[in-house]
Amino acid sequence: MALYHFDKSFTGALGKDSNYVTGEHQWLSSVTYGNTKKFLEILKEAKIDPEEYLDVSLHYGALEVAEVGIEKSAP
């Protein structure tokens with residue numbers, strides 16, 4: 001029995017050699033901060049499953065920070 005709890009790029013590259021390797025999730029559906037609706041729309045459009053790419057929310061967080069910075073810097 002294989003237990004995959006790591007992202008798809010890792011388990012895809014190692015196949016059965018990645019059995020029982022674990023990692024952490026950076027986002028769960030119960031998270032209540034940030035623009036969750038927009039995040040889910042982007043994931044759906046890009047066909048990204050956050051269960052397969054565990055760090056995808058880290059990239060989204062950076063996008064939200066950049067958007068705020070740009071908005072606040074505009075005259």
Side-chain angles (χ1 to χ4, degrees):
M1 176 180 125
L3 172 64
Y4 298 122
H5 187 97
F6 216 78
D7 89 3
K8 188 175 184 178
S9 62
F10 181 83
T11 57
L14 294 180
K16 68 179 181 143
D17 291 332
S18 64
N19 287 358
Y20 305 103
V21 172
T22 62
E24 68 281 340
H25 281 273
Q26 305 296 333
W27 183 84
L28 298 171
S29 59
S30 60
V31 169
T32 58
Y33 58 85
N35 189 342
T36 306
K37 181 180 177 184
K38 181 178 178 181
F39 177 61
L40 294 173
E41 288 171 358
I42 291 169
L43 291 178
K44 183 177 179 182
E45 184 177 328
K47 297 181 175 106
I48 295 173
D49 180 355
E51 291 289 324
E52 293 180 351
Y53 299 96
L54 304 181
D55 66 345
V56 69
S57 66
L58 297 175
H59 305 289
Y60 180 70
L63 172 66
E64 282 197 331
V65 169
E67 286 177 335
V68 170
I70 291 168
E71 289 169 5
K72 289 190 179 266
S73 68

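Just so it is clear, the values below take in all heavy atoms, side chains as well, and ignore hydrogens, waters and symmetry mates. These numbers were taken from a predicted model, which means no experiment stands behind them.
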- Sort out for me which residue in N35, L63, V56 forms a side chain to side chain contact (heavy atoms under 4.5 Å, CB included) with I42. L63
- Task: Could you walk me through whether F39 and L43 pass the side-chain contact (heavy atoms from CB on, under 4.5 Å) test, one step at a time?
- Result: CA-CA 6 Å; F39 177 61; L43 291 178; 3.5 Å; yes
- Message: Measuring from atom CD of E45 to atom CG of L40, what distance do you get when rounded to the nearest 0.5 angstrom?
- Response: 13.0 Å
- Query: For D49, what residues pass the side-chain contact (heavy atoms from CB on, under 4.5 Å) criterion, not counting sequence neighbours?
  - Reply: E51, E52
- Message: Can you pull out every side chain to side chain donor-acceptor pair (under 3.5 Å) where at least one residue sits in residues 64-75? Sequence neighbours excluded, please.
- Response: K38-E67, Y60-E64
